[in-house]
Amino acid sequence: MPRPRFEKLPPQRRQQILEAAAKELGAHGYKGASLNRILEQAGLSKGAAYYYFDNKDDLLATMFVHLWQRLLLDAKLDLSKLNAQDYWSSLLGLTDRFMDSVKGEPWLLAAAKAIWSLPQGSRTQGPLAESFATVVQWIGGILRRGRELGVVRRDLPEELLLALILALDEAADRWMAEHWEKFDEAELRR
C-alpha cells in the first residue's frame with residue numbers, strides 16, 4: 001500500500017496519479033502496462049513515484065483500494081434496511097449508480113478492466129488480497145441478506161452460490177468493459 005506521504009498529497013493530485021494508473025492498466029493490462037507511461041501521464045518523476053509507492057504492484061493495489069472505496073461510497077446500500085420487496089430493486093439501483101459513476105468518470109471503467117488483467121493469485125496473496133477479501137465479504141453479506149429475506153434460494157450451499165456470483169460478476173465486468181463503447185446507455189442498462 002502507498003507510503004503515508006501519498007495520503008498527504010492534495011486529493012486532486014492523488015486522483016490524477018490513480019487515474020493515470022487505471023487508464024494505462026485498463027488499456028494495456030497488467031503485463032503490458034508501463035510504469036513510465038503512467039508516470040508521464042500523471043506528470044510524476046520516477047523518484048517521486050518511489051517516494052509514494054514501492055513499485056507498480058503497490059501503485060496498482062492503491063488504485064484498486066481507491067476504486068473499491070469509491071464504489072462503496074456510491075453504493076449507499078444498508079443491508080439491514082433491505083426487505084423482501086426492495087431487495088432486487090436496491091441491487092439494480094446499485095448497478096445503475098455504478099454505471100452513472102462510470103459515465104461521469106471513465107477512469108473507473110479502465111480501473112475495473114485492469115483488475116481482471118492481474119497475475120494469477122494476486123487476489124489471494126500480496127497487497128491486493130485484503131481488498132479482494134473485503135469485496136468477497138461484502139458480496140457474501142448481500143447474498144446472506146437475500147437468503148434471510150427468502151428472496152435468494154436456500155437449496156444450495158452458500159459457498160457455492162457465492163462462488164457462482166463471483167464468477168458471474170467477473171464475466172459481466174469483463175464483458176461490460178469490452179463492450180461499453182459499442183452500446184448506447186439503454187442497451188448497457190438492459
Starting from the C-alpha separation in whole Å, work towards a yes-or-no answer on side chain to side chain contact (heavy atoms under 4.5 Å, CB included) for T62 and F53.
CA-CA 9 Å; T62 303; F53 307 100; 3.6 Å; yes
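Closest non-hydrogen pair, L77 versus S90, comes out as CD1-CB, 4.0 Å. Taking each heavy atom of Y50 and N55 in turn, the nearest pair found is CE2-CA, 4.1 Å. L18 approaches L59 most closely through the heavy-atom pair CD2-CD1, 4.1 Å. Considering all non-hydrogen atoms of both residues, A49 and L39 come closest at CB-CD2, 3.4 Å. The shortest heavy-atom contact between F183 and H179 is CD1-O, 3.4 Å.
Atoms CG and CD1, on L44 and I38 in that order, are 10.5 Å from each other to the nearest 0.5 Å. Between the CG atom of L91 and the CG atom of D86 there is a distance of 9.5 Å, given to the nearest 0.5 Å. Atom CZ of R97 and atom CG of L92 lie 9.5 Å apart (nearest 0.5 Å). We find the CD1-CG distance between I142 and L82 to be 8.5 Å, quoted to the nearest 0.5 Å.
A side-chain N or O of S80 and one of D78 form a donor-acceptor pair less than 3.5 Å apart.
For D169, the side chain to side chain donor-acceptor pair (under 3.5 Å) test picks out no residue, with sequence neighbours left out. With sequence neighbours excluded, no residue forms a side chain to side chain donor-acceptor pair (under 3.5 Å) with N83. Annotation: side-chain contact (heavy atoms from CB on, under 4.5 Å) contacts of L9 (sequence neighbours excluded): F6, R13, R14, I17, Y52. Listed by chain and residue number, nothing satisfies the salt bridge (charged side-chain N to carboxylate O under 4.0 Å, His left out) test with R154 (two or more places apart in sequence, or in another chain). Not a single salt bridge (charged side-chain N to carboxylate O under 4.0 Å, His left out) links E159 to another residue, sequence neighbours left out. Legend: residues meeting side-chain contact (heavy atoms from CB on, under 4.5 Å) with T134, ordered by chain and number and at least two apart, are W68. Residues forming a side-chain contact (heavy atoms from CB on, under 4.5 Å) with W180 (at least two apart in sequence, or on another chain): M99, V102, K103, L109, M176, L188. Take D96 and apply the side chain to side chain donor-acceptor pair (under 3.5 Å) test, not counting sequence neighbours, and it matches R189. Remark: V151 pairs with A84, Y87, W88, L149 by the side-chain contact (heavy atoms from CB on, under 4.5 Å) rule, at least two apart or across chains. With sequence neighbours excluded, no residue satisfies side chain to side chain donor-acceptor pair (under 3.5 Å) with K31.
Side-chain atoms of F64 and V135, non-hydrogen and from C-beta on, do get closer than 4.5 Å to each other. In this structure, Q41 and E19 have side chains that are not in contact, with every pair of non-hydrogen atoms separated by 4.5 Å or more.
Residues L160 and L168 fall into different hydrophobic clusters, defined by Ile, Leu, Val, Met, Phe, Trp and Tyr side chains chained together at heavy-atom separations under 4.5 Å.
Although no hydrogens or angles enter the test, the distance criterion places no donor-acceptor pair under 3.5 Å between the side chain of E24 and the main chain of R37.
Within a 6.0 Å radius of CD in E187, other residues, nucleotides and ligands contribute more than 12 heavy atoms.
Every pair passing side-chain hydrogen bond (donor to acceptor under 3.5 Å, both in side chains) that includes a residue from residues 2-11 is listed here, sequence neighbours excluded: R3-D54. A side-chain hydrogen bond (donor to acceptor under 3.5 Å, both in side chains) check over residues 143-153, counting only residues at least two apart or in different chains, returns the pairs R144-E158, R145-E148, R153-D155.
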